[in-house]
There are 2 protein chains.
Amino acid sequence: MTVLFSKKCEYALQALLFMAEYRHEGPLSAERIATHLDIPKEFISKILQSLTKSNIVISQRGKAGGFRLARLPEKISLMDVVENIDGLGVFSDCLIGHPSCNPEAPCPLHHSWAPLRSQLKHLMEKTHLGNFIPGQTLNQLPDETTV
Amino acid sequence: MTVLFSKKCEYALQALLFMAEYRHEGPLSAERIATHLDIPKEFISKILQSLTKSNIVISQRGKAGGFRLARLPEKISLMDVVENIDGLGVFSDCLIGHPSCNPEAPCPLHHSWAPLRSQLKHLMEKTHLGNFIPGQTLNQLPDETTV
DNA sequence: GTAATTTCGGATAAAAAAGTCCTATTTTAA
DNA sequence: TTAAAATAGGACTTTTTTATCCGAAATTAC
């Protein structure tokens, strides 16, 4: 069991953080991303295809092709990625899978888990890829012309 | 994907909460627990066997047999259960599965996730089955003679 | 134009998790 | 003593997740 996200989602986040850092080098091939992350090329390819369909990355076929972010790293939140790969269940489902747990008839753990879950949700929403680019100040929005 | 725990762990927690509430009725059979939780008897049986081996519940074979808590509900923390079924990885592993993430060389999300993870750990440690018995005040330790 | 390189997408394989089945053993009620 | 009821435990099946393979289509460098 992964901590909170599936392996696909973990790899997606890792790949996007890498792509954000190296976004000035033109499209990065699945091959290169796979090597950097030390995971199978075929697997990250599928994940990148999925991210392409949901307009988080843009793909380019052919020689010198690859993948690049579809918009500024400051405009891609971690929540965007999680939502695309794993969905939003983590932020709404009952912690112990109680079938009838809801705010009106909560399971025993509901009220303890809710605030933590809310904090986690907020963290994923407010954090974007741009926050992790080395040398870039947090929340700094670079001049569009330099990107 | 379950939220944070495996299905086994979710069922274990649900079963133990049920057993805590009905602990005065003598051993509860796997059959009865399965019916109450609306899950397969064979599956919860395996889980209860595992909990038996780790001394969280006590089993009794034969007619009128079944399972009961191995100690007072106030002495069984949620962490005891999670540790037995899923292990403690959730409380130590990197949120995005970064292979080399550790406090010295943390992944980009490390410092944001750590405090939340710590709160969650604390919640599971301090909360015990006794907290969920209807009609019983939180943290109330009943007279031993009445249990 | 051609060859090389890359993504696309369907099919398949392997591994892990979840769920089922069957028989042996234990225990107790009658 | 016997029959019924219950856990123990091994083997098996199904489903989901993770991972791999391969041919087709696209694009570019030359």
Side-chain angles (χ1 to χ4, degrees), chain A residues 1-15 19 25-35 37-70 82 85-87 89-90 96-97 99, chain B residues 1-15 19 25-35 37-70 82 85-87 89-90 96-97 99:
Chain A
M1 175 111 183
T2 51
V3 172
L4 202 67
F5 309 124
S6 68
K7 268 223 159 34
K8 275 186 189 171
C9 194
E10 289 182 354
Y11 291 157
L13 288 167
Q14 290 177 33
M19 292 169 74
E25 300 195 4
L28 300 180
S29 70
E31 174 80 50
R32 184 168 172 199
I33 296 172
T35 300
L37 301 181
D38 195 27
I39 62 175
K41 176 193 154 212
E42 290 80 10
F43 197 30
I44 195 63
S45 290
K46 292 289 188 213
I47 295 168
L48 289 164
Q49 275 178 43
S50 169
L51 293 173
T52 300
K53 280 183 184 155
S54 53
N55 298 310
I56 291 173
V57 305
I58 290 172
S59 67
Q60 185 176 348
R61 290 185 171 187
K63 220 166 180 175
F67 299 88
R68 60 195 169 84
L69 301 184
V82 172
I85 306 284
D86 279 350
V90 186
I96 58 171
Chain B
M1 174 112 183
T2 51
V3 172
L4 203 66
F5 309 124
S6 68
K7 271 229 157 35
K8 273 186 190 172
C9 193
E10 289 182 355
Y11 291 157
L13 287 167
Q14 291 177 33
M19 290 169 74
E25 300 194 4
L28 300 180
S29 70
E31 174 80 49
R32 183 168 174 199
I33 297 172
T35 301
L37 302 182
D38 196 26
I39 62 175
K41 174 191 157 217
E42 289 80 11
F43 197 30
I44 194 64
S45 291
K46 293 290 187 211
I47 296 168
L48 289 164
Q49 274 176 44
S50 169
L51 294 172
T52 300
K53 279 182 184 157
S54 52
N55 297 309
I56 291 173
V57 305
I58 290 172
S59 68
Q60 185 175 348
R61 290 185 170 188
K63 219 167 180 172
F67 300 88
R68 61 195 169 83
L69 300 184
V82 172
I85 306 285
D86 279 350
V90 186
I96 59 172

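Numbers restart at 1 for each chain; the letters A, B, ... are given by sequence-line order, proteins then strands.
Distances from the side chain of A:Lys53 to the nucleotides C:dG9, D:dA8, C:dA18 place C:dG9 closest. Of the candidate nucleotides C:dT20, C:dT26, D:dT20, D:dT20 has the atom nearest to the side chain of A:Pro40. Out of D:dA25, C:dG19, D:dG9, the shortest distance to the side chain of B:Tyr11 is found at C:dG19.
For C:dG19, the base has no donor-acceptor partner in the side chain of B:Lys41 [N/O atoms by modelled type, under 3.5 angstrom]. Contact of B:Lys46 with D:dG9 (side chain to base): a donor-acceptor pair of N or O atoms is detected under 3.5 Å.
A 4.5 Å side-chain heavy-atom check between B:Ile33 and B:Ile39 finds every atom pair outside the cut-off. B:Leu48 is not listed as a side-chain neighbour of B:Ser59, based on a closest heavy-atom distance of 4.5 Å or more. Counting heavy atoms from C-beta outward, A:Lys46 and A:Ser50 have side chains that stay 4.5 Å or more apart.
Taking atom CD1 on A:Ile58 and atom P on C:dT6, their separation rounds to 19 Å, with Å as the unit. The separation between B:Ile85 atom CD1 and C:dA17 atom P is 13 Å, rounded to whole Å. Rounded to an integer number of Å, the gap from A:Arg32 CZ to C:dT5 C1' is 16 Å. Atom-to-atom, CZ of A:Arg61 to P of D:dA26 comes out at 6 Å; the value is rounded to the nearest Å. Taking atom CD1 of A:Ile44 as the reference point, atom C1' of C:dG9 lies 17 Å away to the nearest angstrom. For the pair A:Phe67 CZ and C:dT5 C1', the interatomic distance rounds to 13 Å; values are reported in whole Å. Between B:Asp86 atom CG and C:dA16 atom C1' the separation is 13 Å, expressed in whole Å. If you take NZ of A:Lys8 and C1' of C:dA16, they are 14 Å apart, rounded to a whole angstrom.
Between A:Lys63 and A:Phe43, the one whose closest nucleotide on DNA chain D sits nearer the 5' end is A:Phe43. Mapping A:Glu42 and A:Gln60 onto DNA chain D via the closest heavy atom, the residue that lands nearer the 5' end is A:Glu42.
Phosphate proximity of C:dC8 to A:Ser59: present, with a side-chain N or O under 4.0 Å from OP1 or OP2.
Atoms CG and CD1, from B:Leu13 and B:Ile47 in turn, are 10.0 Å apart once rounded to the nearest 0.5 Å. Taken from CZ in A:Phe43 to CG in A:Leu37, the straight-line distance is 12.0 Å, to the nearest 0.5 Å.
B:Gly65 comes within 4.0 angstrom of sugar-phosphate atoms only, judged by non-hydrogen atoms across all strands, and of no base. Note on B:Ser6: only backbone sugar-phosphate atoms sit closer than 4.0 angstrom, heavy atoms only; bases stay farther off.
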